[in-house]
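For reference, the structure is listed below as structure tokens.
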Amino acid sequence: MGQSVSETTSLCEGLQGDYSLALHVGAIIIVLSSSALGTMLPMITKFIPFLRRRPFIFVIGKTAATGVLLSVSMVHLLQDAVEDFDEDCVPASFTESYSGYGFMFCIVSALLMHAMDYYLAEVTERWADRKRADRELKQREEAQLKLEAKAAGLDGDACAPADPEALMDDVEVAELAGSHEPTCPDHPNCGHAHGQMVPGGDAEKDVPHGHSHAFEMPDDKSQLRRIIAAICMEFGVTLHSVFVGLALALNSDAELKPLLIAIVFHQLFEGMSLGSRLVDAKFRVALDIILALIFSISAPLGMVAATIAVNVRPDAMSGPAFVMMLAILNSFCAGILLYLAFNLLFIDFTADVKLFSAPTIHPLHMRYEKDPTDNVNRHPKAKKVILFVALWMGMGLMALVGKWL
């Protein structure tokens with residue numbers, strides 16, 4: 001955001017020119033609305049039958065969001081960080097000793113993100129493996145208890161006591177195979193199955209019966225990666241938006257009006273990028289809304305802080321310390337979003353292209369077809385081209401917005 005304040009407002013000298021409180025309050029409301037709209041748009045697709053039956057439409061938006069992230073990290077953040085480090089008030093001893101601080105902090109934050117991502121992946125995989133093992137152990141214990149109850153004659157007349165040696169064989173089989181089916185399944189009163197195999201995803205999943213918990217960590221490793229990516233992206237874009245709001249509010253009235261239009265599109269595209277990743281993570285609706293609200297208020301929060309500071313003292317947010325802090329944080333945010341963008345590009349984008357350009361329809365999407373027996377994927381080459389165009393369009397549009405920011 002350095003170039004947006006370089007004409008009549010300097011990060012080193014403080015605000016100069018007319019500053020209307022009413023105009024800046026109105027800008028806060030507009031930015032809040034655009035941020036919320038952008039984040040909520042992908043989320044409402046879960047409740048629109050037309051879009052739910054056409055998952056390729058959502059994938060187009062998700063792919064464009066990856067391009068948006070690439071532009072935000074390089075054009076909006078890293079470039080501004082480099083410009084901030086070149087401000088006149090930055091100590092010469094700092095800039096002359098090394099000229100690549102902006103890029104260095106960017107790389108450091110990307111490597112830190114990689115280390116945190118790796119650690120979180122290990123923790124969540126251990127969690128998922130332990131949960132799966134606990135569930136299998138519980139099923140075996142339930143099977144053994146049923147067989148013991150049967151041996152003691154506690155199952156009533158529905159299942160008559162069987163031969164003890166046969167019962168012991170049943171127990172051994174249940175313990176070895178993890179079976180929990182009743183010995184007399186044909187009788188309606190003799191036990192019930194505690195799990196069922198339902199189709200969905202790449203493989204059939206064991207879905208236990210009973211109540212559903214508030215949050216269930218999935219066993220699917222790819223889904224775990226999507227959850228980690230969504231959380232990391234929430235952190236990166238939210239922190240970035242706070243500084244976007246700070247920089248926007250540190251402009252005079254003459255500069256604010258043209259910048260506001262660019263900021264609206266910036267927050268709209270960035271919100272759509274975040275919203276698509278939250279949907280992909282399959283959080284509960286309540287958690288989706290909370291995370292969307294956190295992002296939506298981040299830029300207005302920065303604007304409120306800067307507006308209050310400027311009204312108290314015009315040069316409150318200026319000087320060498322403030323400029324260096326802004327430059328370092330912009331570099332760190334650039335590294336975070338750059339890591340996320342390439343991670344999504346190499347993993348999610350590649351998987352989506354392979355999925356929708358395959359000659360046959362994936363079983364996960366077969367239920368959306370009019371004829372479930374027809375698994376031919378229509379226009380696979382066109383879908384591949386569309387996804388690449390969406391990626392480049394997202395990158396290009398956000399880079400164009402950077403012309404005014």
Side-chain angles (χ1 to χ4, degrees), residues 62-63 65-82 84-85 94 97-133 215-244 270 273-283 287 290-291 294-295 298 324-352 391 395 398:
K62 187 176 73 169
T63 303
T66 301
V68 168
L69 274 185
L70 286 169
S71 283
V72 170
S73 60
M74 299 300 293
V75 178
H76 294 254
L77 285 171
L78 188 56
Q79 176 182 326
D80 291 343
V82 173
D84 290 343
F85 277 118
F94 183 81
S97 61
Y98 185 71
S99 60
Y101 280 111
F103 300 99
M104 183 194 71
F105 286 122
C106 176
I107 295 172
V108 168
S109 66
L111 292 177
L112 288 175
M113 278 295 299
H114 175 261
M116 184 178 72
D117 195 8
Y118 183 83
Y119 174 74
L120 288 175
E122 278 195 330
V123 171
T124 51
E125 285 181 6
R126 286 199 301 267
W127 185 1
D129 291 340
R130 185 166 58 249
K131 189 182 73 170
R132 189 184 302 109
F215 176 76
E216 288 288 343
M217 182 61 70
D219 295 336
D220 184 11
K221 300 299 193 301
S222 61
Q223 185 60 28
L224 288 172
R225 286 194 294 268
R226 294 189 189 100
I227 292 173
I228 294 171
I231 294 173
C232 293
M233 184 174 175
E234 170 79 18
F235 172 75
V237 298
T238 298
L239 185 62
H240 161 54
S241 293
V242 171
F243 295 106
V244 167
E270 203 166 78
S273 177
L274 175 62
S276 65
R277 295 301 164 182
L278 294 179
V279 172
D280 210 28
K282 294 182 174 63
F283 292 128
L287 184 57
I290 292 172
L291 294 175
I294 291 174
F295 167 75
S298 58
M324 290 181 64
M325 179 197 72
L326 198 61
I328 292 172
L329 290 175
N330 273 336
S331 299
F332 264 90
C333 288
I336 292 171
L337 297 186
L338 189 63
Y339 171 80
L340 291 174
F342 278 110
N343 199 25
L344 297 171
L345 182 64
F346 295 148
I347 298 175
D348 285 39
F349 176 74
T350 303
D352 288 335
L391 176 68
M395 180 277 298
M398 202 61 174

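Residue indices begin at 1 and follow the sequence shown. The structure displayed is predicted, hence computed values, not measured ones.
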Worksheet, complete the sentence: On a heavy-atom basis, the closest approach of A230 and F283 is CB-CE1, 4.1 Å
Worksheet item: What is the distance from atom SG of C232 to atom NE2 of H114, rounded to the nearest 0.5 Å?
Response: 12.0 Å
Item to complete: Apply salt bridge (Lys or Arg N to Asp or Glu O under 4.0 Å) to R126 and D129, showing your working.
Response: CA-CA 5 Å; R126 286 199 301 267; D129 291 340; over 6 Å; no
Response to the item:
The single option from L239, V237, V242 that satisfies side-chain contact (heavy atoms from CB on, under 4.5 Å) with S298 is V242
Practice prompt. Locate the shortest heavy-atom distance separating A334 from C106; write the atom from each residue and the value.
Written response: C-SG, 4.0 Å
Worksheet item: Going from CG on L70 to CG on L338, what distance comes out if it is rounded to the nearest 0.5 angstrom?
Response: 7.0 Å
Donor-acceptor list for residues 341-350 side chains, cut-off 3.5 Å, not counting sequence neighbours:
| from | atom 1 | to | atom 2 | distance (Å) |
| --- | --- | --- | --- | --- |
| D348 | OD2 | R277 | NH1 | 3.1 |
| T350 | OG1 | F346 | O | 3.0 |

Discussion item. To check you understand the geometry: which heavy-atom pair defines the closest contact between M233 and L274, and what is its length?
Written reply: CE-N, 3.5 Å
Discussion item. I need the minimum non-hydrogen distance between M398 and H76, along with the two atoms involved.
Written reply: O-NE2, 2.8 Å
Worksheet entry | Set of ring pair (Phe, Tyr, Trp, His ring centres under 6.0 Å) partners for Y101, sequence neighbours left out | F94, Y98
Practice prompt. Check E270 against S241 and note the closest heavy-atom contact, atom names and distance.
Written response: OE1-OG, 3.1 Å
Item to complete: Output yes when a side-chain donor or acceptor of S276 lies under 3.5 Å from a complementary backbone atom of S273, and no otherwise.
Response: yes
Practice prompt. Take the angle between the ring planes of F105 and F85 and call it parallel below 30°, perpendicular above 60°, tilted in between.
Written response: parallel
